[in-house]
Amino acid sequence: MENNKVWFITGASKGLGLELAKKLLSEGYKVAATSRSEEALIKVFGDVSENFLPLEMDLVDEKSVKNAIEVAVSHFKTIDVLVNNAGYGLLGALEELTDAESRKNYEVNVFGLLNVIRNTVPYMRAKQSGHIFNISSVGGYHGGFAGWGIYCSTKFAVAGLTESLSAEVKEFGINATIVYPGYFRTDFLKDSSLLLPQNPIADYKAVRQSESAHKGDINQNQPGDPVKLAEALIKASKNQNPPLHLFLGEDAYNMANQKIESVQKDLENWKAVSVSTGL
């Protein structure tokens, strides 16, 4: 039965991961939930039970990731659905963000996600089934926003690697879906989840305006309902032919179409130049 499936969710102590774990448990699913703090998970969901397993896991430490996945498989005997949700935002101009700040965002958002995939797929491959949801962002499809270059590029990376992953694991009966959320009412825009540059440059007025808007007016006023996002993921997990690209939120849907229209316009306007480069 569907609600006997075991879900493994990273970053489940807050945000979209938290709402998804809550929804799944309320419907009788089994959930292995990870966070940097096991205590934070127990505070929200309670201690280990037949249906719930809290796991402390450091995404950027592959040994920690491998151990958490092994404990989950030992407890539940399998992992049916993986949700790579853990990550954080970084808002700053490319010039003002240091190498360390940029690399750290990649370490968590991209290489941490790869650690989880690398250690989960062997179990799915062995049983010839599974579904992997990689949480990107609409900013992983449409990156034309001042101040979001590094963060968007991490999410573009997630989208790109998931397209390849889908092609690689298809023969094993495993599905992969890129999730592109728009703005949802979570704590993503709070200081704990959205970092700013240590050395801001005042000249970047558009970036400072974006900072002010996201930390002020937009925070907690996002149009998307995280509970409905959770329901959408559950619905997609039940589908025999789930989407590779899943845009969630009317804003995400509209921004994706804007990007598609922009690319099509450039393709047609520069078609003669494009095709002239062949032999």
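FYI, side chains are in, hydrogens and waters are out, and symmetry mates aren't considered; it's all heavy atoms of this structure.
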- request: Calculate, to the nearest 0.5 Å, the distance between atoms OG1 and CG belonging to T10 and N84 respectively.
  value: 5.0 Å
field: Over 12 foreign heavy atoms within 6.0 Å of NZ, K22
entry: no
task: Classify the side-chain pair E163/S166 by whether it contains a donor and acceptor separated by less than 3.5 Å.
output: no
message: Any heavy-atom pair between the side chains of V83 and F8 that's under 4.5 Å?
response: no
message: Regarding D58 and S64, do their side chains bring together a donor and an acceptor under 3.5 Å, going by distance alone?
response: no
task: State yes or no: do L165 and F156 share one hydrophobic cluster built from I, L, V, M, F, W and Y residues joined by side-chain heavy-atom distances below 4.5 Å, directly or via other members?
output: no
task: Measure the acute angle between the ring planes of Y141 and F247, then classify it against the limits of 30° and 60° as parallel, tilted or perpendicular.
output: perpendicular
task: Could you go through the side-chain contact (heavy atoms from CB on, under 4.5 Å) check for I9 and L24 one step at a time?
output: CA-CA 11 Å; I9 306 171; L24 288 166; 3.7 Å; yes
task: Keeping the roles fixed (side chain from K205, backbone from A202), state whether a donor-acceptor pair exists under 3.5 Å.
output: no
- line: Separation between CG (L196) and CD (E101), nearest 0.5 Å, reads 9.5 Å
N105 side chain near L195 side chain, heavy-atom distance below 4.5 Å: no
message: Between H131 and I174, is the side-chain contact (heavy atoms from CB on, under 4.5 Å) condition met? List the steps.
response: CA-CA 6 Å; H131 195 154; I174 304 170; over 6 Å; no
- prompt: Above 12 or not: heavy atoms from other molecules or residues under 6.0 Å from CZ of F172?
  reply: yes
task: Say whether, by atom type as modelled, one donor and one acceptor occur between the side chain of S210 and the main chain of A206 under 3.5 angstrom.
output: no
message: Evaluate I132 against V81 for side-chain contact (heavy atoms from CB on, under 4.5 Å), listing each step before the verdict.
response: CA-CA 6 Å; I132 300 170; V81 183; over 6 Å; no
query: Of the non-hydrogen atoms in W7 and L233, which two are nearest, and what is the gap between them?
result: CH2-O, 4.0 Å
- request: Working to the nearest 0.5 Å, report the span between CG of L90 and OH of Y88.
  value: 6.0 Å
Residue pairs passing the salt bridge (charged side-chain N to carboxylate O under 4.0 Å, His left out) test where at least one lies in residues 110-133, sequence neighbours excluded: E62-R118, D80-K127
query: For the residue pair W148 and Y151, does the interplanar ring angle fall in the parallel (under 30°), tilted (30 to 60°) or perpendicular (over 60°) class?
result: perpendicular
- line: Rounding to 0.5 Å, atoms CD (E107) and OG (S102) come to a distance of 12.0 Å
field: Atom CD of E39 with >12 non-hydrogen neighbours under 6.0 angstrom
entry: no
query: Got a second to check how far I117's CD1 is from M124's CE, nearest 0.5 Å?
result: 10.0 Å
message: Is any side-chain heavy atom of R36 closer than 4.5 Å to one of L59?
response: no
message: Counting C-beta onward and ignoring hydrogens, is there a side-chain heavy-atom pair between S153 and Y106 closer than 4.5 Å?
response: yes
Validation row: E27, K23 side chains within 4.5 angstrom (heavy atoms): yes
query: Between the main-chain N or O of Y183 and the side-chain N or O of D251, is there a donor-acceptor pair closer than 3.5 Å?
result: yes
message: Measuring only between side-chain heavy atoms, which start at C-beta, is L82 closer than 4.5 Å to F133?
response: no
message: Looking at Y29, I'd like to know if the NZ or CZ of K5 sits under 6.0 Å from its six-membered ring centre while staying within 45 degrees of the ring's axis.
response: no
field: Minimum side-chain heavy-atom gap Y123-E70 below 4.5 Å
entry: yes
message: Please determine whether salt bridge (Lys or Arg N to Asp or Glu O under 4.0 Å) holds for the pair E96 and R208, giving the CA-CA distance in whole Å, both sets of side-chain angles, and the decisive distance to 0.1 Å.
response: CA-CA 12 Å; E96 63 190 1; R208 302 287 82 81; 2.7 Å; yes
- prompt: Under a 4.5 Å cut-off applied to non-hydrogen side-chain atoms, are I234 and K238 in contact?
  reply: yes
task: Take L91 and V207 through the side-chain contact (heavy atoms from CB on, under 4.5 Å) test and state the conclusion after the steps.
output: CA-CA 8 Å; L91 202 176; V207 176; 4.1 Å; yes
query: Between T162 and N134, does any side-chain donor sit less than 3.5 Å from a side-chain acceptor?
result: yes
message: Using modelled atom types and a 3.5 Å cut-off, is there a donor and acceptor pairing between side-chain atoms of E56 and backbone atoms of E38?
response: yes
query: If you look only at pairs with a residue in residues 46-74, which of them pass as a ring pair (Phe, Tyr, Trp, His ring centres under 6.0 Å), with sequence neighbours excluded?
result: F45-F52
message: How long is the straight-line distance from CD1 of I42 back to OG of S37, given to the nearest 0.5 Å?
response: 8.5 Å
